[in-house]
Number of protein chains: 2
Amino acid sequence: MATGRTHRPATRSRGIPEATVARLPLYLRALTALSERSVPTVSSEELAAAAGVNSAKLRKDFSYLGSYGTRGVGYDVEYLVYQISRELGLTQDWPVVIVGIGNLGAALANYGGFASRGFRVAALIDADPGMAGKPVAGIPVQHTDELEKIIQDNGVSIGVIATPAGAAQQVCDRLVAAGVTSILNFAPTVLNVPDGVDVRKVDLSIELQILAFHEQRKAGEEAAAEAAVPAAARKASTDQGPDGDVPAVMPA
Amino acid sequence: MATGRTHRPATRSRGIPEATVARLPLYLRALTALSERSVPTVSSEELAAAAGVNSAKLRKDFSYLGSYGTRGVGYDVEYLVYQISRELGLTQDWPVVIVGIGNLGAALANYGGFASRGFRVAALIDADPGMAGKPVAGIPVQHTDELEKIIQDNGVSIGVIATPAGAAQQVCDRLVAAGVTSILNFAPTVLNVPDGVDVRKVDLSIELQILAFHEQRKAGEEAAAEAAVPAAARKASTDQGPDGDVPAVMPA
DNA sequence: CCATCTTTGTGCACGCGTTCACAAAGACAT
DNA sequence: ATGTCTTTGTGAACGCGTGCACAAAGATGG
């Protein structure tokens, strides 16, 4: 693999910053693409460009994993793919359950990106008795009553919640009680979990609202610019000033 | 605005920290729930609990918006709902297009959370000619050829990409060229956009990998604990030590 | 009108993450 | 073997975000 005997065991302890962890999958994806094109090595500059980050940041990120990489050359692609995969725990298989097989749950079940890297859909669970047995993405849906049994039989530690908001906390509680310690939540609710359980949320509505904020801000600046140089209105005329359409003082 | 002559114009300029912006939708959701229950006022402590954040953080967040809130009482729910909505730009309607009507795109189109708050699905676009005209969520799918026209006719500034990874950059380029300045990307790719265009990504695969990392770490600590006090194995026996299956020091 | 009690708004300190800039390491040519 | 050139790995400075802790503001009761 690498050339010379690598230096120290590195910062290796267990202090990988959260921000770095969040970027490792990005690097891994870029590296996998390079690997498929049989590229043997890559410089931090190139890889950083592919992953859309600063090259110094990338090097620092990798430094937390150890001293892979050869000065003057770059990083060995295959080696790095392996190291990152191992660090992320993708060398083992993670059985996952999806709870709530509505539009979204079904889409997730069909999503190819699941199986691609170490994740395996162990079961689909829904509260609707009418769905029980019905196959989605080739996997028969099981009823919520079976939840605990499914978790335990399959050694599931990662659960995906795609239920309506109202059911999410209850489902979450049951998952946790059954032994799940990581949850990916697609329901638009804040989940309360005990210590030791990780929750990550994916919230379409929130993302859109953040975009709307910036969009409005951009429109505001643009409007200020137009005050000086009136440009041809591009947007429909219903577009109002983003801040000026309401009195400054509120109803109360 | 508030009661006495407020001190300075506040930090008010346009310096709302990004981290705060990202939390405003959370507060808004909690406040909306309170509003529906006709709760008139709420303290920072209560609201913070509902939103799952620290109360000091919440107060500081609100302080960026201005001095709403009454000492000794709390915040007026309705008033705050309106202020945050306005700040996020939700008092106007944002037409949105969804490109890529596969499993995920269709699920997004059907997702109720879209229309609920200021967002309106203006069009569904797909590259498959066979889908053209077919209604999804009550909206007829249009062909990619129409993309530019749709964007311009509807004054769309927010686009959602739900295509396969391979098509995402190309779609992105066309959206941007047509006038879209905010993109929500569900495709597992890094998108390159010019300055002034905002991109937010939602990536199932990345989220799972982050969870896997922590899961592995937890299992590692647990294994270390078991070395001292061997507990009954809960998970299936295929479960290996998450870090112990490889030598601590690497091959090289 | 005054005292007390609640809750906001924020100054301050701290820690994490990012970025710059450069010395050290190694490849490669001569 | 030696010098040059490329690229890593990281020390240090900076800025942002978080959380504590408290003074000021105002409500409420006597």
Side-chain angles (χ1 to χ4, degrees), chain A residues 1-12 14-24 26-27 31 39-77 79-80 83 210 252, chain B residues 1-12 14-24 26-27 31 39-77 79-80 83 210 252:
Chain A
M1 336 224 135
T3 31
R5 54 223 131 80
T6 321
H7 336 299
R8 88 228 59 159
T11 318
R12 281 292 284 52
R14 196 50 64 178
I16 301 180
E18 189 58 31
T20 295
V21 172
R23 279 187 296 268
L24 290 181
L26 245 87
Y27 302 145
L31 284 164
V39 177
T41 62
V42 65
S43 72
S44 64
E45 202 72 50
E46 293 167 317
L47 186 53
V53 303
N54 184 298
S55 72
K57 193 189 295 187
L58 177 142
R59 286 197 300 277
K60 182 149 289 192
D61 283 342
F62 285 174
S63 80
Y64 292 118
L65 307 185
S67 256
Y68 315 138
T70 307
R71 297 175 190 226
V73 174
Y75 299 91
D76 183 287
V77 171
Y79 185 49
L80 207 43
Q83 288 299 340
I210 295 171
Chain B
M1 5 205 93
T3 34
R5 55 227 132 80
T6 320
H7 338 301
R8 87 229 59 165
T11 318
R12 275 300 274 62
R14 197 51 63 178
I16 301 181
E18 190 57 31
T20 295
V21 172
R23 279 187 296 267
L24 290 181
L26 260 131
Y27 302 146
L31 285 164
V39 177
T41 62
V42 65
S43 72
S44 65
E45 203 71 50
E46 292 167 319
L47 186 53
V53 303
N54 183 298
S55 72
K57 194 188 297 186
L58 178 143
R59 287 198 299 276
K60 183 152 290 191
D61 283 342
F62 285 174
S63 79
Y64 293 119
L65 307 185
S67 257
Y68 316 138
T70 307
R71 296 176 191 229
V73 175
Y75 299 92
D76 183 288
V77 172
Y79 184 50
L80 207 44
Q83 287 300 340
I210 295 171

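Predicted model, so just to flag it, every value in this text is computed and none were measured.
For Y75(A), the ring pair (Phe, Tyr, Trp, His ring centres under 6.0 Å) criterion is met by F62(A), not counting sequence neighbours. When the side chain to side chain contact (heavy atoms under 4.5 Å, CB included) test is applied to T70(B), the partners found at least two apart in sequence or on another chain are V73(B). For T20(A), the side-chain hydrogen bond (donor to acceptor under 3.5 Å, both in side chains) partners two or more places apart in sequence, or in a different chain, are D61(A). Remark: R59(A) engages no residue in a salt bridge (charged side-chain N to carboxylate O under 4.0 Å, His left out) (not counting sequence neighbours).
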Short N/O separations, protein against nucleotides 6-8 of chain C, under 3.5 angstrom:
unit_1 : atom_1 : unit_2 : atom_2 : d
dT7(C) : O4'    : G72(B) : N      : 2.9
dT8(C) : OP1    : S44(B) : N      : 2.5
dT8(C) : OP2    : S44(B) : OG     : 2.5
dT8(C) : O2     : R71(B) : NH1    : 2.8

Under 3.5 Å, which protein N or O atoms sit close to an N or O of nucleotides 16-19 of chain D? Give each pair with its distance.
unit_1  : atom_1 : unit_2 : atom_2 : d
dT18(D) : OP1    : R23(B) : NH1    : 3.0
dT18(D) : OP2    : R23(B) : NH1    : 3.3
dT18(D) : OP2    : R23(B) : NH2    : 2.9
dG19(D) : OP2    : K57(B) : NZ     : 3.2
dG19(D) : O6     : K60(B) : NZ     : 2.7

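Nearest heavy-atom pair across S44(A) and S55(A) is O-CB, 3.9 Å. Here the shortest heavy-atom pairing between Y64(B) and G15(B) reads CD2-O, 4.4 Å.
Going from atom CD of Q83(B) over to atom CG of L24(B) covers 11.5 Å, rounded to the nearest 0.5 Å. Taken from CG in L58(A) to CZ in R23(A), the straight-line distance is 8.5 Å, to the nearest 0.5 Å.
Distance, D76(B) CG to dA27(D) P: 13 Å, rounded to whole Å. If you measure from atom CG of L58(A) to atom P of dT19(C), you get 12 Å, rounded to the nearest angstrom.
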